[in-house]
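Computed from a predicted structure; not experimentally measured.
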Amino acid sequence: GNGRHGAFVPVLSSNEIFKQYRDLTSVALDNIARNPDVKTVALVTATRALFQLNNDYSIEELPQSRNYGAALEGLSNVVTRLLRAGKKVVLVVDNPTFPDPTVCLNRVTTLGFINDAVAAKKDPRCVITIRKHLDLSMKYRSLLAEIQRIDPERITIFDTLRHLCDIDKGVCLPYKNERLLYSYSDHISDYAAGMIGTDLNALLSKE
């Protein structure tokens, strides 16, 4: 991800907005398609990369993005290529987006309502309701649903919302169970990855 091609993004497209990802994606897909030991492929990429948003701390501009068609084509091409190679596909839903953890970092107490209040006071962007997150990410989630319709029996959507948000309270925060959920920019922490990975691996073992 630190080379001249940047990080791997699972899109195959002639659209210029995805030009930097072509070489890495082609190499990865060729190797996966030829590997008989790979039965199921989990695909995950940042919403901001898929729609080429302008920052890594918010998806506020997503509802107005004009890149839906390009993103749909690019990801669909990858998924179709994997299906033709006999693979199953799991689309892992991207996490809520927050500012860098250094902006949202607070001393986490055992009292949830204090944590929420302090986070909101420090920077209101460090707290987002599930309703608002779903509203902002509707275009992204609609894209995943459209791709799943290509082959519903072999394409599964794995939602990470319950791992990264408090469903009962209807809110998403940068921490959970007194542990940070994000490491740098909008990348999830090892703790969050462990929670998600446990359930994702369980799903993959059944595929």
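Here the side chain of Ser13 pairs no donor or acceptor atom with the backbone of Phe18 at under 3.5 angstrom. A donor-acceptor distance shorter than 3.5 angstrom exists from the side chain of Thr25 to the backbone of Val9, with no hydrogens or angles considered. Checked by atom type and distance alone, the side chain of Gln52 never pairs as donor or acceptor with a backbone atom of Asn67 at under 3.5 Å. Looking at Lys87, its side chain never comes within 3.5 Å of a backbone N or O of Arg84 through a donor-acceptor pair. Judged by distance alone, with hydrogens and angles left aside, the side-chain atoms of Asp159 form no donor-acceptor pair with the main-chain N or O of Arg162 at under 3.5 Å. With hydrogens and angles ignored, the 3.5 Å screen pairs no side-chain donor or acceptor of Asn35 with any backbone N or O of Asn31. No donor-acceptor distance shorter than 3.5 angstrom exists from the side chain of Lys176 to the backbone of Asp166, with no hydrogens or angles considered. For Arg125 (side chain) and Pro99 (main-chain N/O), no donor-acceptor pair under 3.5 Å exists by modelled atom type. Ser205 contributes a side-chain N or O that, together with a main-chain N or O of Ala202, makes up a donor-acceptor pair within less than 3.5 Å.
Within a 6.0 Å sphere centred on OH of Tyr57, other residues, nucleotides and ligands contribute 12 heavy atoms or fewer.
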Evaluate Ile147 against Leu72 for side-chain contact (heavy atoms from CB on, under 4.5 Å), listing each step before the verdict.
CA-CA 8 Å; Ile147 290 177; Leu72 177 62; 3.7 Å; yes
What verdict does the salt bridge (Lys or Arg N to Asp or Glu O under 4.0 Å) test give for Arg81 and Asp30, after you've listed the backbone C-alpha separation in whole Å, the side-chain angles of each residue and the deciding distance to 0.1 Å?
CA-CA 9 Å; Arg81 175 78 178 278; Asp30 286 344; 2.4 Å; yes
CA sep, side-chain torsions, deciding dist, call: Phe98, Ile128, side-chain contact (heavy atoms from CB on, under 4.5 Å):
CA-CA 9 Å; Phe98 292 101; Ile128 185 170; 3.8 Å; yes
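A 4.5 Å side-chain heavy-atom check between Val93 and Tyr140 finds at least one atom pair inside the cut-off. In this structure the side chain of Leu75 reaches within 4.5 angstrom of the side chain of Leu144, judged on heavy atoms. At least one side-chain heavy atom of Leu82 sits less than 4.5 Å from a side-chain heavy atom of Leu29.
A single hydrophobic cluster is seen to contain both Ile157 and Leu143, as judged by linkage of ILVMFWY side chains at heavy-atom distances under 4.5 Å, directly or through other members. Hydrophobic clustering, with ILVMFWY side chains joined whenever heavy atoms are under 4.5 angstrom apart, keeps Leu161 apart from Val92. Using a 4.5 Å cut-off between side-chain heavy atoms of Ile, Leu, Val, Met, Phe, Trp and Tyr, with links allowed through other members, Ile150 and Leu50 fall into the same hydrophobic cluster. Residues Ile130 and Ile196 are members of separate hydrophobic clusters, defined by side-chain heavy-atom contacts under 4.5 angstrom among Ile, Leu, Val, Met, Phe, Trp and Tyr. Leu43 and Leu203 fall within a single hydrophobic cluster, where Ile, Leu, Val, Met, Phe, Trp and Tyr side chains are chained together by heavy-atom contacts under 4.5 Å.
Salt bridge status for Asp94 with Arg48: absent, with no side-chain N to carboxylate O gap under 4.0 Å. Classification of Lys132 and Glu60 as a salt-bridged pair holds, one side-chain N sitting under 4.0 Å from a carboxylate O. In this structure, Lys88 does not pair ionically with Asp151, as no charged nitrogen and carboxylate oxygen lie closer than 4.0 Å. In summary, Glu16 and Arg22 engage in a salt bridge, as defined by a charged side-chain N under 4.0 Å from a carboxylate O.
In this structure, the separation between CZ on Arg149 and CD on Glu146 is 5.5 Å, given to the nearest 0.5 Å. From Ser65, atom OG reaches atom CD1 of Ile59 across 11.0 Å, with rounding to the nearest 0.5 Å. For the atom pair Thr47 OG1 and Asn95 CG, the distance stands at 7.5 Å (nearest 0.5 Å). To the nearest 0.5 Å, the span separating OH on Tyr175 from OH on Tyr191 amounts to 13.5 Å. Atom CG of residue Asp190 and atom CG of residue Leu181 lie 12.0 Å apart, to the nearest 0.5 angstrom. With values rounded to the nearest 0.5 angstrom, Cys172 atom SG is found 7.0 Å from Ile167 atom CD1.
If you check the side chains of Glu73 and Asn15, you find no donor sitting under 3.5 Å from an acceptor.
Shortest non-hydrogen contact noted between Gln148 and Ile155 is NE2-O, 3.1 Å. Heavy atoms only, all atoms of each residue included: Leu164 and Pro96 are closest at CD1-CD, 3.8 Å. For Asn177 against Met195, the heavy-atom pair with the smallest separation is ND2-SD, 4.4 Å. Residue Ser137 comes nearest to Leu62 through the heavy atom pair CA-CD2, 3.9 Å, listed as atom of the first residue, atom of the second, then distance. Across Gly194 and Thr198, no two heavy atoms sit closer than the pair O-OG1, 2.9 Å. The two residues Thr40 and Val89 have their closest heavy-atom pair at CG2-N, 4.4 Å.
Tyr184 and His187 have parallel rings, their planes meeting at less than 30° on a 0 to 90° scale where 60° marks the start of perpendicular. Using the six-membered ring where Trp is involved, Tyr68 and Phe51 have ring planes that are tilted, between 30° and 60° apart.
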